[in-house]
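Okay, structure first, notes after.
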Amino acid sequence: MKKKDLPRLETGIQNFDALLGGGLPKRSVTVLSGPPGAGKTILTQQLCFSNAQKGKRVLFFSTLSEPTAKTLLHLQQFDFFDPKLFGKGVEFVDLGDLLREHGLTAAADMIMKHVRQSKPDIVVIDSFKVFDDLATSREDHRKFGYELAVNLMAWETTALLLGEYGVADYETNAFFSIVDGVIALSQREALGEQQRFIRVVKMRGTNHSREEHPFLIDVTGVHVFAPRLAITREAHDATTSRCKTGVDKLDELLGPGIPWGSSLLIGGVAGTGKTVLSLEFIYRGAQAGEKGILFSFEETEDRLRAAARGLGWDLDRQIARGMIEIVFIPQPDITVEAHLLMIQERIKKLGAKRVVIDSVSVFLHKITDPQLSREKVFHLCSIVHNANAVGFFPTDIPYGSKQVSRFGVEETVVDGVIILSSTEEGLDRERYIEVYKLRNTAHLKGRHNLEIGEGGITVFPRYAYDGHEPPMPPLELGKRLGSGVAGLDPLISGGLLRRSATLVSGSAGVGKTLMGLQFLLEGVNERQAGLYVTLEESAAQLIASAKALGLPLAKAVADGKMEIMYISREYVRAGQFLTVLADKLTAMKAQRVVLDATTQMLTERMTLEELRHVLYKLVNRFKSLGITSMLTLEAPSLLSKEHVTEVGLSPIADNLFMLRYATNGVGLAPTITIVKTRGARHDRHTHVLHIRRGGMRVETSEAPNARELG
């Protein structure tokens, strides 16, 4: 047979009922103990007026002979006080004079007389400790207390007895064995400030909390903070939907996106961009129709608004629309337990789908116990999880450490970790981002370059090889494109295969750039958009050189059928080059691309191994976009054919052309040798190149002088 739960009396005090296991048991006798100033009277008065609002009658006996006017003055400070209920729903009775003149028996008779007349639901005696002082013996006090408790229970009232009792009284005072419940209130310094605490020492027939919990008294009354009880992780139905941050290229790192209900730690030292990333996360969400809330413990709302305006964001409009809220809590005012519940309430009230706690390291800065920090981070994660939102928790990493969090425990609780870092490279400082972990998500690994500028965050994915990357797509063997160089296509079975990559290795001035330009101009003739990327010559110089040879480069550029993109070698970043180039090609729907002077990318910022990696990824990306590419490389020797490429890049190419000079008895003649073509037979002889008005052509009827070197 299922046991019935005890009938309960709701207290009307935030989270207090949860501590009691559902409220005060009706017809119980409970002692509220604690030193003066601990909050016993205010807590009890709030309970009384809350119940009086529901039609319950309350008798409040005072043994302190406090004038009614003074009691009224104190009560008027609080929002829970209703003057219409004063003296009616809540009746105050002064026992002070009666106790002093006639003792315990007369006081007990007076109490029961009022109880019989009023038939109250709740009886309060403040302070009950006075009866201890007036009792002539322990036996008299025990008898008095027992009879009073039995009489109150007989009238089916719930009694609260307030007194300045301490822990020692629980063991030595016989009265505590009679009562049903003991609730202890205290006040002491904790986390660098004076705090009040409440603990249910005992409550018969109740599965109550046995832990100590902080509480706060303000004009609205008593607020008990019990995150362990008030913040519990709820179960959600499994869903395949995910959050897209909207931050430029960050979603490419995050794969399918962030699962809803997840919390991510954003770790980094000062100046790495944690606040900007978090603010943009909130802003992009608002633009996508997802409400967001940012709790800031360092930057005021005005400063965050100003920062957003400086980045070109209309954050003010999103705040005015009610899509974004910024809650500023000064660091000295942080009360962890209280603000955890406030955070939960504000998120729920707004219906926020994006949450930022900036920063969690400041929010928890008063906590020195790592396990307690871990617990509070878990509470934050649970709040986000229950709201089915996504949370960003910026945290300051100690400078120079290898930690990914401030306290060294947060990363074990959150669902994901993003690390922001910066390094000195030459005279510059470069920022990087890394998705350190993200549960149930196939994310892009490694560090990726990050920039902060007009418009916000820009991420440059590296697309690092991790063993799971798909192989390069196969070439289309039935589709060939013209090279644009007269006489060359017959040597390579009719042209270049679509989506193929061609490396042109050549000596200085031998014609590599011209070959690239003609390749793109042939594409213009075939209505294929092309992009010429140069790390040496400017667009103006290229157009002037083409004009001298009678090539219509200027017209192709003016008509928008071809673009020239100049990138200074001093500003080439291995982590950015691939992303910038891929974005450009996608935007212009290019079908051909030339990367001229590829070896000029080798600077103090880019090693040979990085260059190989970048070019491999470039070629792979070109092919995935359906683009046919040509990359030119500088050969260190004018004549030697001993090495096609000095930097070991030939394996990435489908086609490999070697341009070198040969001696012809008169001087140096440019030549071309087809070293390899994938998917077709090719001519293996060396042929002379003629460069004249109209461009470059291959002379297949002439052979180079036998005295050529190499």
Side-chain angles (χ1 to χ4, degrees), residues 192-193 216 218-220 245-248 250 263-336 338-366 380 383-384 387 389-396 406 418 420 422 431 450-458:
E193 58 188 22
L216 176 72
D218 61 19
V219 294
T220 62
T245 67
V247 178
D248 190 25
L250 177 58
S263 296
L264 280 68
L265 201 66
I266 313 297
V269 301
T272 50
K274 300 184 297 297
T275 296
V276 174
L277 176 61
S278 301
L279 189 60
E280 183 164 1
F281 169 67
I282 292 288
Y283 178 65
R284 300 302 176 196
Q287 289 182 312
E290 297 165 1
K291 291 184 177 181
I293 187 165
L294 187 151
F295 298 92
S296 174
F297 304 101
E298 295 179 282
E299 298 288 350
T300 64
E301 180 175 343
D302 287 343
R303 286 176 61 87
L304 290 172
R305 283 177 180 250
R309 287 191 290 270
L311 292 166
W313 304 336
D314 195 358
L315 185 69
D316 298 321
R317 178 173 177 271
Q318 299 298 343
I319 293 174
R321 290 178 59 215
M323 294 299 295
I324 292 176
E325 283 187 11
I326 296 175
V327 181
F328 173 59
I329 303 162
Q331 182 174 335
D333 296 345
I334 295 172
T335 304
V336 174
H339 284 123
L340 276 172
L341 298 180
M342 181 273 287
I343 287 169
Q344 179 175 248
E345 291 168 2
R346 295 293 291 267
I347 291 171
K348 184 177 181 180
K349 182 179 179 181
L350 179 64
K353 299 297 290 181
R354 302 192 180 207
V355 178
V356 170
I357 309 295
D358 188 18
S359 69
V360 72
S361 51
V362 173
F363 180 55
L364 302 178
H365 77 283
K366 294 179 181 178
L380 287 171
I383 290 170
V384 171
V390 169
F392 273 22
F393 301 164
T395 183
D396 292 313
R406 184 69 180 182
I418 292 177
L420 302 180
S422 65
R431 289 187 173 97
L450 174 149
E451 285 190 352
I452 300 174
E454 181 68 24
I457 297 277
T458 300

Do Val276 and Leu311 have side-chain heavy atoms sitting under 4.5 Å apart?
yes
Taking only residues two or more places apart in sequence or in another chain, which ones pass salt bridge (Lys or Arg N to Asp or Glu O under 4.0 Å) with Asp396?
Lys274
With sequence neighbours excluded, residues passing salt bridge (Lys or Arg N to Asp or Glu O under 4.0 Å) with Arg305
Glu301, Asp316
Rounded distance [0.5 Å steps], CD1 in Ile457 versus CD in Glu280
6.0 Å
Atom pair CG/CD1 of Leu265 and Ile357 - distance to nearest 0.5 Å
12.0 Å
Just jot down the side chain to side chain donor-acceptor pair (under 3.5 Å) partners of Ser278, sequence neighbours excluded, or say none.
none
Which residues share a side chain to side chain contact (heavy atoms under 4.5 Å, CB included) with Gln318, sequence neighbours left out
Tyr283, Ala286, Gln287, Arg321, Met323, Ile324
So do Met342 and Val327 actually touch side chain to side chain, heavy atoms under 4.5 Å?
yes
State, to 0.1 Å, how close Ile293 and Ala352 come at their nearest heavy-atom pair, and which atoms those are.
CG2-CB, 3.8 Å
Does Arg303 have any salt bridge (Lys or Arg N to Asp or Glu O under 4.0 Å) partners at least two apart in sequence or in another chain, and if so, which?
Glu299
Would you give the length of the straight line joining atom CG of Leu216 to atom CG of Leu341, rounded to the nearest 0.5 angstrom?
11.0 Å
What I'd like to find out is whether the side chain of Leu340 reaches to under 4.5 Å of the side chain of Leu380, using heavy atoms alone.
yes
Give me each pair satisfying ring pair (Phe, Tyr, Trp, His ring centres under 6.0 Å) with a member in residues 339-361, each pair once, sequence neighbours excluded.
none
Side chain to side chain donor-acceptor pair (under 3.5 Å) with Thr272: which residues, sequence neighbours excluded?
none
Taking only residues two or more places apart in sequence, or in another chain, which ones meet Pro330 in a side chain to side chain contact (heavy atoms under 4.5 Å, CB included)?
Phe328, Pro332, Asp333
Any side-chain heavy-atom pair from Ile326 and Leu315 closer than 4.5 angstrom?
yes
Can you sort out the partners of Phe297 under ring pair (Phe, Tyr, Trp, His ring centres under 6.0 Å), two or more places apart, ordered by chain and number?
Phe363
Which pairs count as salt bridge (charged side-chain N to carboxylate O under 4.0 Å, His left out) when at least one residue sits in residues 352-363, sequence neighbours excluded?
Glu290-Arg354
With sequence neighbours excluded, tell me which residues meet side chain to side chain donor-acceptor pair (under 3.5 Å) with Ser422.
Arg429
Quick one: are Val356 and Leu279 in side-chain contact, heavy atoms under 4.5 Å?
no
